Amino acid sequence: MNVFYGDVVVVGSGVAGLTCALELSKEFDNIVLITKKFLEDSNSYLAQGGMAVMKSVEDRKVFLEDTLKAGHYKNNKRAVEILIDESQDAIRTLVGYGAKFQREKGEYSYTREGGHSVNRILYCGDYTGRAIMEALIEKVKACSKIKILEKYTMEDLLIHNKVCYGIYARGRENILIRGKKTVLATGGIGGIYKNSTNYSHIRGDGIALAIRHKVGLKDISYVQIHPTALYEEGDKRKFLISESLRGEGAIILNHKKERFTYELNPRDIVSQAIIREMKKEEVSHQWLRLSNIKVDIEKRFPKIYEQLKSMAIDPYNEDVPIVPAQHYTMGGIEVDLFGRTSMLGLYAVGEVACTGVHGENRLASNSLLESVVYAKRVAKSIANSRYVKEYKGNFKINNLDSYRNSEVIGEVIKIDKLAKIK
Ligand SMILES: Cc1cc2nc3c(=O)[nH]c(=O)nc-3n(C[C@H](O)[C@H](O)[C@H](O)COP(=O)(O)OP(=O)(O)OC[C@H]3O[C@@H](n4cnc5c(N)ncnc54)[C@H](O)[C@@H]3O)c2cc1C
């Protein structure tokens with residue numbers, strides 16, 4: 001078997017994995033980054049709406065309250081304070097890596113989504129994720145300290161005496177990547193759902209391995225259902241109709257073309273209202289009316305406009321069919337405020353991790369922010385962490401498939417059922 005060595009092994013090429021790798025490269029010379037498909041194939045790349053930020057000191061209290069309220073006060077308040085206090089620094093970091101956010105006359109433009117009391121979301125058209133990720137990918141590719149392994153799937157963790165020393169992965173060949181520290185940035189569990197806005201290959205691998213190796217989890221039954229995915233028959237990934245459209249004035253209607261909910265409530269409330277109404281009317285979807293929004297749809301939301309056009313829907317004159325779909329995993333591998341898991345040598349960041357920032361329900365546009373803020377903290381924490389004695393012996397390894405067929409992954413699927421809307 002081919003063996004690679006890294007000071008740090010990073011698994012996953014979403015915004016969390018790439019930011020962490022780049023920040024680590026300021027301290028270490030040899031980082032190995034692996035990803036299941038290509039660098040671009042992440043949920044981060046799909047993000048539309050934007051990235052929240054504390055606009056000014058006056059916004060701190062309101063942003064904190066908005067996040068706690070959306071999370072039904074089940075959040076870890078300290079983790080939220082860090083998220084907010086380090087948000088401007090996170091934006092500066094991304095801009096430093098080349099990300100561009102919308103500006104008007106030199107000043108940032110801010111939009112709004114459900115649960116936010118004010119406009120505080122930075123964006124780039126309706127393709128904010130792509131704009132951020134293209135900048136990060138360019139930087140990672142240009143960084144000689146980061147070795148990139150695409151089309152490799154992490155199948156197991158290398159563990160000895162309850163310490164993690166890297167991973168085992170399969171791709172063109174089976175490989176071991178031995179590392180002093182390992183960072184899981186493998187995203188959420190959306191891929192195991194029939195109706196999800198997430199990529200199907202991002203399906204809780206990190207969480208399955210954590211369960212297998214008895215690494216602590218937190219809030220794992222908290223799964224977010226987005227109110228407005230584009231309704232299409234069939235099992236393929238559901239296209240998201242960004243909440244920013246509702247921020248700009250789009251309204252939700254039932255089949256009698258009546259409003260039945262306040263569109264800018266937090267996501268769980270709006271999703272529950274839509275599902276209740278669908279049951280009442282015995283229909284498979286509801287409608288989103290865009291014709292009355294304040295901005296030009298084609299200019300402000302080009303990706304959504306193109307998608308609707310390709311389905312022969314004219315958003316200026318026709319209502320758009322929408323249905324709630326799985327969107328985000330609030331729970332995950334339990335981490336402290338520096339991304340440390342319950343296993344020595346193992347860190348988690350981004351959607352796979354649970355810092356407790358989101359509580360029971362994530363406030364819109366807080367996940368890109370969480371990924372960047374905590375990726376920076378993980379990198380700092382690894383740079384300052386104590387030396388773990390190298391282990392040179394062999395490891396007992398297994399394949400993910402065997403876990404999937406076992407009781408272990410059964411638990412993840414049971415969790416999926418638990419997460420149904422009340
Ligand atoms: C359609 C859509 C729109 C969204 N819009 C927004 C938004 O506007 N604002 C916002 O804040 N958030 C948004 N989100 C959520 C946000 O994009 C994600 O929560 C966040 O980007 C997660 O980043 P991540 O790096 O943790 O994981 P991801 O971006 O999901 O990346 C996970 C990575 O891990 C890799 N991976 C998984 N398993 C393995 C394995 N076994 N071996 C190797 N690699 C593996 C994957 O290939 C991928 O590269 C949106 C999500 C979706 C789906």
Side-chain angles (χ1 to χ4, degrees), residues 9-21 33-53 83 111 113 121-133 136-137 149-157 167-171 177 183-191 196-209 224 226 228-230 237-244 247 267 303-304 325-330 332-333 348-353 358 362-372 374-375 399-401 403-404:
V9 184
V10 179
V11 190
S13 65
V15 69
L18 296 192
T19 306
C20 196
L33 173 82
I34 87 149
T35 190
K36 211 173 200 177
K37 296 204 165 185
F38 291 106
L39 287 179
E40 291 78 7
D41 300 318
S42 69
N43 287 330
S44 301
Y45 207 91
L46 301 175
Q48 295 179 348
M51 182 162 160
V53 64
L83 178 89
T111 187
E113 296 186 77
I121 298 170
L122 292 172
Y123 64 95
C124 186
D126 59 353
Y127 48 86
T128 310
R130 191 179 87 205
I132 294 172
M133 292 301 290
L136 294 180
I137 289 171
L149 296 172
E150 289 176 306
K151 294 183 87 177
Y152 279 94
T153 297
M154 168 186 65
E155 296 277 342
D156 207 350
L157 300 172
I167 63 159
Y168 159 61
R170 283 203 298 183
I177 313 176
V183 181
L184 297 182
T186 48
I189 62 169
S196 176
T197 60
N198 292 193
Y199 270 123
S200 59
H201 70 279
I202 300 177
R203 54 197 309 257
D205 294 356
I207 292 171
L209 290 180
Q224 183 166 79
H226 196 289
T228 55
L230 181 60
R237 190 176 77 73
K238 296 284 175 281
F239 183 84
L240 186 77
I241 304 286
S242 170
E243 201 157 359
S244 317
R267 288 179 176 170
K303 200 171 138 190
I304 294 171
Q326 190 282 343
H327 185 57
Y328 186 79
T329 314
M330 268 79 67
I333 301 176
V349 67
E351 198 170 336
V352 68
H358 308 298
R362 171 175 70 96
L363 181 66
S365 285
N366 264 358
S367 49
L368 292 172
L369 177 61
E370 184 200 23
S371 294
V372 178
Y374 282 90
N399 289 334
L400 260 175
D401 278 349
Y403 297 162
R404 286 200 187 288

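Quantities reported herein were computed from a predicted structural model and do not represent experimental measurements. In listed order, ligands and their atoms are each counted from 1.
- Within the 4.5 Å cutoff, side-chain heavy atoms of L33 are placed close to those of L39.
- Judged purely by atom type and a 3.5 angstrom limit, E113 has no side-chain atom pairing as donor or acceptor with the backbone of G49.
- The side-chain hydrogen bond (donor to acceptor under 3.5 Å, both in side chains) with Y328 is formed by just one residue from the set Q224, E351, H358; it is H358.
- Residues forming a ring pair (Phe, Tyr, Trp, His ring centres under 6.0 Å) with Y123 (at least two apart in sequence, or on another chain): none.
- Of the possible donor and acceptor atoms, none in the side chain of T329 sits under 3.5 Å from a partner among the backbone N and O of G188.
- Without hydrogens or angle criteria, S196 side chain to G191 main chain gives no donor-acceptor distance under 3.5 Å.
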Name each N or O atom in ligand 1 that is under 3.5 Å from a protein N or O, and give the partner atom and the distance.
unit_1   : atom_1 : unit_2 : atom_2 : d
ligand 1 : 5 (N)  : Q48    : N      : 3.4
ligand 1 : 8 (O)  : G49    : N      : 2.8
ligand 1 : 8 (O)  : G50    : N      : 3.0
ligand 1 : 9 (N)  : G50    : O      : 2.8
ligand 1 : 11 (O) : S367   : N      : 3.2
ligand 1 : 11 (O) : S367   : OG     : 3.0
ligand 1 : 11 (O) : L368   : N      : 2.8
ligand 1 : 12 (N) : S367   : OG     : 2.6
ligand 1 : 17 (O) : N43    : O      : 3.4
ligand 1 : 19 (O) : E351   : OE1    : 2.7
ligand 1 : 21 (O) : S44    : OG     : 2.7
ligand 1 : 23 (O) : S44    : OG     : 3.0
ligand 1 : 25 (O) : V15    : N      : 3.3
ligand 1 : 25 (O) : A16    : N      : 3.0
ligand 1 : 26 (O) : E351   : N      : 2.8
ligand 1 : 29 (O) : N43    : N      : 3.4
ligand 1 : 29 (O) : S44    : N      : 2.9
ligand 1 : 29 (O) : S44    : OG     : 2.5
ligand 1 : 34 (O) : A185   : O      : 3.4
ligand 1 : 41 (N) : M154   : O      : 3.2
ligand 1 : 41 (N) : D205   : OD2    : 2.7
ligand 1 : 42 (N) : M154   : N      : 2.8
ligand 1 : 44 (N) : K36    : N      : 3.1
ligand 1 : 47 (O) : H201   : NE2    : 3.3
ligand 1 : 49 (O) : S13    : N      : 3.0
ligand 1 : 49 (O) : S13    : OG     : 3.1
ligand 1 : 49 (O) : T35    : OG1    : 3.1

